[in-house]
There are 2 protein chains.
Amino acid sequence: MKKQALEDRRESLGNTVAAGIRRLLVEGAFTPGQRLSEVALCERLGVSRNTLREAFRTLAHEGLVTHQPHRGVFVTSPDAASIVEIYRLRRFIECRALSEAWPSHPAVREMRVAVDEAHARSEQQDWLAVGTANMAFHGAIVALADSPRLNGFFRQILAELRLAFGLMSDKEWLHAPYVDMNRQVLETFEASDTKAAVALLEQYLAQSERVVLAAWERQVAT
Amino acid sequence: MKKQALEDRRESLGNTVAAGIRRLLVEGAFTPGQRLSEVALCERLGVSRNTLREAFRTLAHEGLVTHQPHRGVFVTSPDAASIVEIYRLRRFIECRALSEAWPSHPAVREMRVAVDEAHARSEQQDWLAVGTANMAFHGAIVALADSPRLNGFFRQILAELRLAFGLMSDKEWLHAPYVDMNRQVLETFEASDTKAAVALLEQYLAQSERVVLAAWERQVAT
DNA sequence: CCCGTGTTGATTGTTCAACAATAGCCCCGA
DNA sequence: TCGGGGCTATTGTTGAACAATCAACACGGG
């Protein structure tokens, strides 16, 4: 078979498969609303149906696919309400985490790493990697709150949001403007001006929401 | 076999099994840290190992059980850090939801129903049902925010907290004092004094945290 | 032409049996 | 007491089989 293609794996195969499908999803390899056939996918991935079903259950729990009984699993097709809701949650969570953050929290280093990574990838015009780095930046902001459960929840809604990104073609316009804004937020925060950093972040999120919503509406028009 | 015991079921068997185990967990039928053998449970529930594994994966995602590769699934044993974290999240989420709530939101009716139910069960001294009703009350508070994703996340951490309740014997002391406090919060909110209602809720949560933590420490001492 | 209605094919839901892989345990020897 | 080697029970994964359900289509009556 082709199992060894994904290294030795230290964890269960079901999780490995779920991670593989998750990557395919955020890379836009499937179109939203598309049905994922069990037999086709388990043949393509070289795993059995039972294992694939476990992976499906994981992804369904994360909201990346939706499961309809006796019909199959479908790539979640985000609607405008979901986008609005997710941005509302992001403002709620990120701003609070940043405003109450301990200035020398270890996650600040992660924020710096993510900003540098995004900048480097941006010069290579690798917009997919820029998006990943930006996600890591905002994940690091939430990590400031020191709540593993909140981290997991946030990672989940961010992955779902990224599914919506896959709908759009202008990856550059979608990610490029924010690498500098991220850096600005970080440096303002490092200058101990937390209040200003939060204001910047809030403005960042509002702008991002506008762009994403506009692109989404342009998408459904076609 | 014994499948029809749980009515006709409209959804998949895996979910039904997960719901059954979930109920057993919050009712305290298992002791935290206990290992749940696959063969023993699937024989007891009359389902196959694959189906039980799907249920396990669901519960592991919810944090009610933890899965250790090649060792099995164990009932999550909450520690003090988890209790503190969950109460921090509750204050974060519930207070915000209540403070920004639309006064005539449909979820207010759910809050009223939960308060009445808790009162009725309390007179019957059915403390397990009182706990369920109290959980429904706080779930309704979060529902004020109109965010399905937040609702799901909150339900999850509340279920995890309830796992900690299972550790303690004094169910009455754990639930009874709060049915009146819940009613007070609701009536203050209905009187359009949102600020006071939030203050009451915050005080409620702080007191509950103290009681649960104290009981938890008494528990580990034995 | 339109509309129920059965029939059929495909897909999912669930079970079962088998084997591989691993962790924990017991026993042994130094 | 400690470390090593195998034994056993349990989990991880597979493949096949059958039941249940859905979607599409053909058919016949109005």
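Sequence lines set the chain letters: A, B, ... in the order given, protein chains first and strands last, and positions in each chain run from 1. What you are looking at is a predicted structure, and each value in this text was computed from that prediction instead of being measured.
If you take CG on D146(B) and CG on N151(B), they are separated by 8.0 Å, rounding to the nearest 0.5 Å.
Distance, E54(A) CD to dG12(D) P: 8 Å, rounded to whole Å. Distance, H67(B) NE2 to dA23(C) C1': 13 Å, rounded to whole Å. Note: CG (N50(A)) to P (dG15(D)) measures 10 Å, nearest angstrom. dA21(C) atom C1' lies 14 Å from atom CD of E38(B), rounded to whole Å. Whole-Å rounding puts the H70(A) NE2 to dT12(C) P distance at 11 Å. When rounded to the nearest whole Å, the span between CG of L13(A) and P of dA21(C) equals 13 Å. Straight-line distance from the CG atom of L52(A) to the P atom of dT14(D): 10 Å, rounded to whole Å. Distance CZ (R53(B)) to P (dG13(C)): 18 Å, rounded to an integer number of Å.
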Where do N or O atoms of nucleotides 8-10 of chain C meet protein N or O atoms at under 3.5 Å, pair by pair?
none

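For R71(A) and dA23(D), the shortest distance from a side-chain N or O to OP1 or OP2 is below 4.0 Å. Distances shorter than 4.0 Å separate none of the side-chain N or O atoms of R49(B) from OP1 or OP2 on dC16(C). The phosphate of dT10(D) (OP1 or OP2) has no side-chain N or O of S37(B) nearer than 4.0 angstrom. At the phosphate of dG12(D), neither OP1 nor OP2 sits under 4.0 Å from any side-chain N or O atom of T51(A).
The 12-atom threshold is not exceeded at CZ of R155(A), counting heavy atoms of other residues, nucleotides or ligands nearer than 6.0 Å. The local environment of CZ in R88(B) is crowded, with over 12 non-hydrogen atoms from other residues, nucleotides or ligands closer than 6.0 Å.
In this structure H175(A) satisfies the side chain to side chain donor-acceptor pair (under 3.5 Å) test with no other residue, sequence neighbours excluded. Residues passing the salt bridge (Lys or Arg N to Asp or Glu O under 4.0 Å) test with R90(B) are E94(B), sequence neighbours excluded.
Put simply, the residue from V17(B), L13(B), T16(B) that forms a side chain to side chain contact (heavy atoms under 4.5 Å, CB included) with L45(B) is V17(B).
Between L144(B) and E100(B) there is no side-chain heavy-atom pair separated by less than 4.5 Å.
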